[in-house]
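Read through the structure below, which is laid out as structure tokens, and then see the notes.
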Amino acid sequence: MIEIENLVKRYGNVYALDDVSLSIGEGEIVGLLGPNGAGKSTTMNILTGYLSATSGSVCVNGIHILENPKAVKRQIGYLPEQPPLYPEMTVKEYLNFVYELKGCTLDREAHLAEICKVVRLEDVSHRLISHLSKGYRQRVGIAQALIGDPPVLIFDEPTVGLDPKQIIEVRNLLRTLGKRHTVILSTHILPEVQAVCERIIIIDRGRIIANAKTEDLARRLEDAQSFRVKICGPQKEVAAALREQSGVAKVEALPERDGESYVFIVESMSKVDIRRSIFTLCAGKNWPMLALEPIGTDLEQIFLRLVEGEKAEKESKKRKGKR
Amino acid sequence: MIAIYKREMRAYFTTPIGYIFLAFFLATAALVFSLTTLYAMTTDVTGYFQVLLYGMIVLLPLLTMKLFSEERKQKTEQLLLTAPVSLFSMVFAKFLAAFTVYAGALTVTLLFFPILEIYGSVKLGMLFGNYLALLLAGMAFIAIGVFISALTENQLTAAVGTIGILILQLGISLLNSLLGEYWARFIVASLSVFSRFSAFTQGIFDYSAAIYYLSFTAIFLFLTVAVFHRRRYE
């Protein structure tokens, strides 16, 4: 559906995007993730034709953006970081304007009514946009992107500035939209992509540092994993027995104590699942196991690891270069 | 393109700016009309049109100042620039909206002349010549205003910048009479929208001047398109 090849965007000497290539299939929900200023918005702006790339190519549905920008723009519904709303218009007037602007040919009344229903704007359709709350404005922004029923939807940080209830609503909406559209969404909030996206692309300083299915990315860390185990039994004995287990790299006994039980941090060797053997051990010795939880499998950790790994790699390259 | 034109027209009259323009325009026109014809006891309208043209230096930037600057400030230009609309039709739609309001206001001033007819006859040819001249010159003013508005995100900067350029143009045309050499006069005259005005006010249809105004307008509209084109690559 979307093919991006060797995309470079340079502002003077600064590379906002440095050789970005990616491909997104039809019906996928993809999350672009990265710290502020990583190049997420730049990527989206190029994809929607708002900016032009310094070099590289963008194809949507087989159409090259430079060859036929109008056709590409017709395929895309875009919600920029700040929803592009005219405060002096009512919601209804605004949606009608966008309908005409996009040269939409669907049945106007039915189409706009359906969109208002999907994003739940019916109650405010006669109110001025300048009188709407932030959450409603964001919904009008989403409604605008949906007009014309474009196959690709691009949302730049759709949940920024919303309250927790609205965030959940928007996420549910995105999931619903993902059933019928290809959705690209950018965010710097990790749980958001984890909650909504099937695939995650992590961008840092203009480069893609990870591109994988959400669950694969989460599994990556499980290769070498730490667990927090709470076992009811004599502390020293338990620690020694844990150390003897095959696949266990390190055992640390924490000073925490809860009655008869102690907490241990057990680190496994790479690609070994030690949970079963810990269970069998405890069962055999009749030490009740009260808790076993993995540590650091959320994206937050992966993200930091990837970003830091990248940094270290660059620095070592630099050092080598100097020598 | 029609969508942008319609939105722009609505914006003029759902915000105060359209009314402010109309009020000031009609007040200025009426005042100038009374002073140059009724009080001066003459049916010669040349002076009226000449002064009205100078009034446009301040009035027309009111119409053009927010056309693009406000879009940029409100971030709504992202909607226009990512919509399946060409840059030129976007620029032209906005130009046309400003021109429509201006032409509409000018049409209202036609009502002045039956009054003048009571006191003496007005030469119709001269009247239409003058109106045509005002329309053409206004077109060029608006094109400059559209261009300046695309350069900034501040309405006030756009207005002051446009007024500044128009005054500069007026200065150039005044300077023209001081120059001796024909070629120098020719170059200076082609730079200023004011130099071409006089033939029309005598009731003569000056083709070269009409073409001059139309091409002047076209150049500034294309420059505006170029501004947006360039910004994409910045």
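A 6.0 Å sphere centred on OH of A/Y11 holds more than 12 heavy atoms belonging to other residues, nucleotides or ligands. Within a 6.0 Å radius of OH in A/Y15, no more than 12 heavy atoms belonging to other residues, nucleotides or ligands are found. The environment of CZ in A/R180 is sparse: at most 12 heavy-atom neighbours from other residues, nucleotides or ligands sit within 6.0 Å. Atom CD of A/E109 sits in a sparse spot, with 12 or fewer heavy atoms from other residues, nucleotides or ligands closer than 6.0 Å. Atom CD1 of B/I2 has 12 or fewer neighbouring heavy atoms from other residues, nucleotides or ligands inside a 6.0 Å radius. Within 6.0 Å of CZ on A/R175 lie more than 12 heavy atoms contributed by other residues, nucleotides or ligands. Applying the 6.0 Å contact sphere to CZ of B/F24 captures no more than 12 heavy atoms from other residues, nucleotides or ligands. Taking a 6.0 Å sphere around NE2 of B/H229, one finds it holds 12 or fewer heavy atoms contributed by other residues, nucleotides or ligands.
Within residues 81-103 of chain B, the residues approaching chain A closer than 4.5 Å by heavy atoms are, in numerical order, B/L81, B/T82, B/A83, B/P84, B/V85, B/S86. Residues of residues 62-72 of chain B having a heavy atom under 4.5 Å from any heavy atom of chain A, listed by number: B/E71.
At a 4.5 Å heavy-atom cutoff, the contact between B/R231 and chain A is made by backbone atoms alone. Neither the backbone nor the side chain of A/Y99 comes within contact range of chain B; no heavy atoms are under 4.5 Å apart. Interface residue A/V98: only side-chain heavy atoms are found under 4.5 Å from chain B. Proximity to chain B (any heavy atom under 4.5 Å) is shown, for A/E81, by neither the backbone nor the side chain. Interface remark: A/L101 contributes backbone and side-chain atoms alike to the contact with chain B (heavy atom separation under 4.5 Å). Proximity to chain B is absent for every atom of A/A145, based on heavy atoms less than 4.5 angstrom apart. In this structure, the portions of A/Y86 lying under 4.5 Å from any heavy atom of chain B include both its backbone and its side chain. Only the side chain of A/P87 has a heavy atom closer than 4.5 Å to any heavy atom of chain B.
Ion pairing between a basic and an acidic side chain is recognised when a charged N comes within 4.0 Å of a carboxylate O; A/E93 and B/K6 show no such pairing.
In terms of heavy-atom proximity, A/A53 sits nearest to B/Y233 at O-CE2, 4.1 Å. Nearest heavy atom pair, residue B/L80 against residue A/F97, reads CD2-CZ, 4.0 Å.
In terms of non-hydrogen atom pairs under 4.5 Å with chain B, the most contact-rich of A/K9, A/R10, A/Q144 is A/K9.
The side-chain heavy atoms of B/Q78 and A/N45, taken from C-beta on, include a pair separated by under 4.5 Å.
To the nearest 0.5 angstrom, A/E88 atom CD is 5.0 Å from B/T14 atom OG1. Taken from CG in B/L79 to OH in A/Y50, the straight-line distance is 11.5 Å, to the nearest 0.5 Å. Distance OG1/B/T76 to CE/A/M89: 10.5 Å, rounded to 0.5 Å.
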